[in-house]
Each structure stands twice: as structure tokens, then as C-alpha cells.
**Student:** 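The structure that follows is given in the form of C-alpha cells.
Order of listing sets the numbers, starting from 1, for every ligand and every atom in it. The model shown is predicted, which means the values in this text are computed figures rather than measured ones.
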Amino acid sequence: MSFVLYQDQFIERNQAKVDIEDRGYQFGDGIYEAMIVYSSHIFLLEPHMKRLERSAHELNLNLPYSMDHLTRNIKRLVEINHLTDGIVYFQITRGAAPRQHYFPENTSSVVTGSVVHKERSAAQGTRGIKAVLADDIRWLRCDIKTLNLLGNVLAKQKAHEEGAGEAILHREDTVTEGSSSNVFIVQNGELVTHPADHFILNGITRLFVLDLARRLTIPVHERTFTIDELMNADEVFITGTSNEVNPVLEINGHLINGGTPGSIERKLIEAFNAEVEWIRALPQTQA
Ligand code: PMP
């Protein structure tokens, strides 16, 4: 039996209902976070919650409970579903109201959450993907993690139709990010990734990998880079909650690093794995 979070309650999934006029459905008017769970520990929970709070603030969306309360309920959702490895999905919409574009008055936000059980070893087996390039047709506030994902969905569909695992987005000549990931290139042993501005989502995994790189004394440059730099990079990889660090071995049919993961990627993956093992070994109370 699977339980979902609805506002402040845990309900059997097949009993849960949301209003047909919820603004999440009608306008994509809401925010979300997806977090990964390793051995019942929610990985990087605190920065995810900080980003959620920021997204709410940027959209003037009222949080119906305190951040502490929301965080407790997310942990409880993991427990009640006996989730050891997988994903917790959490969203807040501006709530249900008769359809009109401007914000409704006296409507409370709607919180929902659910989990997906997924073994990590399965994800590791798929290390290394093909990617395609796609125009970044999204709005100019990609830094906010909103439910409006059509630009991302269309790009991912293009990748899927072309047998690729990710679409790498670009605005004219500048590479921004993946349809559901951040993009890094390696040039002469140094990392380059788009700066955290309004053109990209500042990925929690991106920040974690930047930190890992600094610890490994790999130089890092947060600056824009071109399609040409991408195609000629020594290594290209994406980061994301479920992808972790995933090498991009081919882009639009062009092989990167001869189609095999490079040495910087291998170092980062190794460091990432060590972190996951460390988290797995923590007692449950330190989730
Ligand atoms: N960019 C976009 C557009 C995404 O959807 C995601 C996945 N949420 C990311 C980057 C990676 O973010 P994170 O590392 O927080 O999962």
C-alpha cells in the first residue's frame, strides 16, 4: 500500500483527491522538489528545502505550514512508505479557486507528496548517455523550480524520439543546461558550467558536485560556454538528483572522449559514491 501526503495528512494513494480547479492543473501555478533517498536518508534535504522556500518567495506563493513542519512531513512520508531507496516528490500549488489568472484571495496553497521506490544500482548501470541538442525555448526564470515544465518536456521528448537520454539546451550559441539536469564540460582538466543565474535551475547536485570538485582540487569556472566548446570538450557530463554524475558520451552523433567516461568524470563519480556510502552508514536518526 502506498501513502501520499495531502496537506497535513497521509492518505492511501487511491483515496487521495485534488480539486479539478487546482491552479497547479490549470496554470502550472506551483513549485516542487524531487529528492533522492539512500538507505532511508533523504540526500541533501536541507538545500532542497531552502530552494523550495526560495521558489515560493519568488512566486509570492504562501507556504501553508512552517518549513520545519513541511520537512517533518516529508521525512514522515519516507517512513510511512518504508522507502529505503528511491525518490520523494513534493509539490505546493497556489490552491483551488475559480479560474482567473491573477492570484485568488483567501485560497490556501495545496501540498502534496509521493514516493517512488527505485534501486540505486539500476541507475548506476546506465552510466553514460547519448544527448541531442535542442533550442532552449523556456521562459526567463528557469531559476525557479515551477510546475511549468512544457519547454523541458518537449526537449526531453525530442531526445527520447532520437534515442537519447537527455536534451542539452542552448540559447543561440550558449549552452544553458539539460532538460532535467545541469551540464558540465571539462577542458584541460578544469570544469566549466553555466553560472547560476535566471537561465538555469541551480541544481542541488550541481552545487554538491562543485563542492566535490573543490575538495578534489579540480579547478572550476562558472561561466557560459558555447556549443562549439561543448562539442570539442574533453569530457561532458550532466548532474541531477537521480542522474547523480552521468557522462555524456555522444552528442548529435558526435563522440565525446571517444565515447568513454573520462578521468575527471571517474574521479567525481568515485567521490560521489563515497558520499553515498557514508550516508548509507549513518544511523536512521540522522536522516
Ligand atoms: N535543471 C533542470 C531543468 C532540472 O529539471 C533539474 C532536475 N530537477 C536539474 C537542473 C538538476 O537539479 P537537481 O540537481 O536539484 O536535481
**Student:** Atom 16 (O) of ligand 1: which protein heavy atom is closest, and how many Å away?
**Tutor:**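 So the nearest neighbour among protein heavy atoms is Thr241 OG1, 2.6 Å.
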**Student:** Working to the nearest 0.5 Å, report the span between NZ of Lys50 and OG of Ser55.
**Tutor:** 14.0 Å
**Student:** Can the ring centroids of Tyr38 and Phe43 be said to lie less than 6.0 angstrom from one another?
**Tutor:** yes
**Student:** Which protein non-hydrogen atom lies closest to atom 11 (C) of ligand 1, naming both residue and atom, and how far is it?
**Tutor:** Asn182 OD1, 3.7 Å
**Student:** Measure Ser181 to ligand 1 on non-hydrogen atoms and call it side chain, backbone, both or neither using the 4.0 Å cut-off.
**Tutor:**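 Ser181 to ligand 1: backbone contact only, side chain stays beyond 4.0 Å.
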**Student:** Would you mind checking if Glu177 and Arg206 are paired as a salt bridge, meaning a charged N to carboxylate O distance below 4.0 Å?
**Tutor:** no
**Student:** In chain order, what residues pass the side-chain contact (heavy atoms from CB on, under 4.5 Å) check against Ala213, with sequence neighbours excluded?
**Tutor:** Leu191, Ile218, Val220, Leu268
**Student:** Is any N or O atom of Arg206, backbone or side chain, closer than 3.5 Å to an N or O atom of ligand 1?
**Tutor:** no
**Student:** What protein heavy atom lies closest to atom 7 (C) of ligand 1? Include the residue and the distance to one decimal.
**Tutor:**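 Result: Ser180 O, 3.5 Å.
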**Student:** Test of understanding: with side-chain contact (heavy atoms from CB on, under 4.5 Å), list the residues that count as partners of Gln15, not counting sequence neighbours.
**Tutor:**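 Per chain and number, Gln15 pairs via side-chain contact (heavy atoms from CB on, under 4.5 Å) with Ile11, Glu12.
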**Student:** Check each of Asn152, Thr176, Leu207 against atom 3 (C) of ligand 1 and report the one with the nearest heavy atom.
**Tutor:**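 Of the listed residues, Asn152 has the closest heavy atom.
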**Student:** Any nitrogen or oxygen of Ile204 lying under 3.5 Å from a nitrogen or oxygen in ligand 1? Just yes or no.
**Tutor:** yes
**Student:** Just by distance, do the side chain of Thr112 and the backbone of Tyr6 share a donor-acceptor pair under 3.5 Å?
**Tutor:**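 Answer holds: no.
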**Student:** What protein heavy atom lies closest to atom 12 (O) of ligand 1? Include the residue and the distance to one decimal.
**Tutor:** Gly203 CA, 3.4 Å
**Student:** Which is it for Ser242 and ligand 1 at heavy atoms under 4.0 Å: side chain, backbone, both or neither?
**Tutor:**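 Neither; nothing of Ser242 gets under 4.0 Å from ligand 1.
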**Student:** Is the shortest side-chain N to carboxylate O distance from Glu265 to Arg127 below 4.0 Å?
**Tutor:**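 Judged by the 4.0 Å cut-off on N to carboxylate O distance, Glu265 and Arg127 do not form a salt bridge.
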**Student:** Does the residue Arg51 have a heavy-atom contact with ligand 1, meaning some pair of atoms that are separated by less than 4.0 Å?
**Tutor:** yes
**Student:** What is the nearest protein non-hydrogen atom to atom 8 (N) of ligand 1, stated with its residue, atom name and distance?
**Tutor:**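 Looking at atom 8 (N) of ligand 1, the protein heavy atom closest to it is Lys145 NZ, 2.5 Å.
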**Student:** At what distance is the nearest protein heavy atom to atom 14 (O) of ligand 1, and which residue and atom is it?
**Tutor:**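 Answer for atom 14 (O) of ligand 1: Thr205 OG1, 2.6 Å.
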**Student:** At what distance is the nearest protein heavy atom to atom 1 (N) of ligand 1, and which residue and atom is it?
**Tutor:**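 Ranked first by proximity to atom 1 (N) of ligand 1 is Glu177 OE1, 2.7 Å.
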**Student:** Got Glu79 and Ser40 here, is their nearest side-chain heavy-atom distance under 4.5 Å?
**Tutor:** no
**Student:** Return the orientation label for the Phe237 and Phe184 ring planes: parallel under 30°, perpendicular over 60°, tilted otherwise.
**Tutor:** parallel
